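Let me begin by presenting the structure, written as structure tokens, before commenting on it.
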Amino acid sequence: MKITIVAVGKIKEKYLTDAMTEYAKRLGRYCSLNIVEVTDEKTPDGASEMAEDKIRMREGERILQKLPDGAFVIALALDGCAPDSLEFARQMERWNVNGISHMVFVIGGSLGLSREVLARADYRLSFSRLTFPHQLMRVILLEQIYRSFRIRNHEPYHK
């Protein structure tokens, strides 16, 4: 199985890059992992809704360019399905059993994802109704993907 994470912005904090490196190493026995970063746009203080839409659209264009043909696209979105860890593991297994061999998870920037990216997504996933920094979301996503593989393989970890 191949998993790609397309995310807006770069991670600068060492503690987050260390956590991502650790989960990427752990995931190596279960899947081929690729993390693709696209450039984020600066959001000026007090930006209008129209200015924010333009920022989302520019970031969205960059994201769409990185989505491989034929991949199953999962957008992280507040309005998405919010499974618990067991349900997420079962869902990933169903996708895999149904022939999906390349999953692309998309994490937007600080303003979220553009309408175009959400329209391209095959599935919308929410980890919570809470808002998380998009840099931290990468670590959370990697951990949950790793947890799902452990659950699917009946290996201890998820409790």
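Remember, predicted model here, so these are calculated numbers, not experimental data. Just the heavy atoms: all of them, side chains too, but no hydrogens, waters or symmetry mates, feed the values below.
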Salt-bridge criterion met for [X] and [Y] (N-O under 4.0 Å):
X: Lys66; Y: Glu61; answer: no
X: Arg120; Y: Asp122; answer: yes
X: Glu49; Y: Lys54; answer: no

Distance-minimising heavy-atom pair for [X] and [Y]:
X: Ala19; Y: Val139; answer: CB-CG1, 3.8 Å
X: Arg124; Y: Asp79; answer: NH1-OD2, 2.6 Å
X: Ser126; Y: Pro83; answer: O-CD, 4.1 Å
X: Tyr146; Y: Leu27; answer: CA-CD2, 3.5 Å
X: Ile3; Y: Cys31; answer: CD1-SG, 4.0 Å
X: Ala75; Y: Leu113; answer: CB-CD1, 3.7 Å

When you compare the side chain of [Y] with that of [X], does any pair of heavy atoms fall below 4.5 Å?
X: Leu136; Y: Ile140; answer: yes
X: Arg56; Y: Val117; answer: no
X: Thr4; Y: Met103; answer: no
X: Tyr23; Y: Leu141; answer: no
X: Met1; Y: Ser101; answer: no
X: Ser110; Y: His134; answer: yes
X: Tyr123; Y: Val73; answer: no
X: Lys25; Y: Thr21; answer: no

message = Taking atom CZ as the centre, does Arg129 end up with more than 12 heavy-atom neighbours from other residues, nucleotides or ligands that are less than 6.0 angstrom away?
response =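 For Arg129, atom CZ is not crowded (no more than 12 foreign heavy atoms under 6.0 Å).
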inquiry  = How about CZ on Arg152, more than 12 heavy atoms from neighbouring residues, nucleotides or ligands closer than 6.0 Å, or not?
reply    =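 For Arg152, atom CZ is crowded (more than 12 foreign heavy atoms under 6.0 Å).
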Nearest 0.5 Å, what's the [atom1]-[atom2] distance between [X] and [Y]?
X: Lys14; Y: Ile11; atom1: NZ; atom2: CD1; value: 13.5 Å
X: Arg138; Y: Met20; atom1: CZ; atom2: CE; value: 5.5 Å
X: Glu93; Y: Ser148; atom1: CD; atom2: OG; value: 9.5 Å
X: Leu33; Y: Arg26; atom1: CG; atom2: CZ; value: 14.0 Å
X: Leu78; Y: Thr131; atom1: CG; atom2: OG1; value: 5.5 Å
X: Ile151; Y: Glu87; atom1: CD1; atom2: CD; value: 10.5 Å

[Y] reachable from [X] in the ILVMFWY side-chain graph, under 4.5 Å edges:
X: Ile107; Y: Phe88; result: yes
X: Leu125; Y: Ile35; result: yes
X: Leu111; Y: Phe127; result: no
X: Leu76; Y: Leu67; result: no
X: Met137; Y: Val104; result: no

query = Quick check: does any side chain N or O of Asp84 sit under 3.5 Å from a backbone N or O of Leu86, one acting as donor and the other as acceptor?
reply =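 Yes, Asp84 side chain to Leu86 backbone: donor-acceptor pair under 3.5 Å.
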key: Geometric class of the Trp95/Phe72 ring pair [parallel <30°, tilted 30-60°, perpendicular >60°]   =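 It falls in the tilted class, 30° to 60°.
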message = Classify the ring geometry of Tyr30 against Phe149: parallel below 30°, tilted from 30° to 60°, perpendicular beyond 60°.
response = parallel
query = Can you tell which of Val106, Asn34, Leu142, Val36 makes a side chain to side chain contact (heavy atoms under 4.5 Å, CB included) with Ile5?
reply = Leu142
request  = Carefully, step by step, assess Glu59 and Ser114 under the rule side-chain hydrogen bond (donor to acceptor under 3.5 Å, both in side chains).
outcome  = CA-CA 8 Å; Glu59 291 175 347; Ser114 70; over 6 Å; no
key: Candidate pair Arg62 and Glu41, rule salt bridge (Lys or Arg N to Asp or Glu O under 4.0 Å), full reasoning   = CA-CA 11 Å; Arg62 293 181 190 125; Glu41 294 282 325; 2.5 Å; yes
key: Donor-acceptor side-chain pairing of Glu52 and Thr43 below 3.5 angstrom   =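 There is no such pair (donor and acceptor under 3.5 Å, judged by atom type) between the side chains of Glu52 and Thr43.
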message = What I want to check is whether the side chains of Gln91 and Arg94 have a donor and an acceptor closer together than 3.5 Å.
response = yes
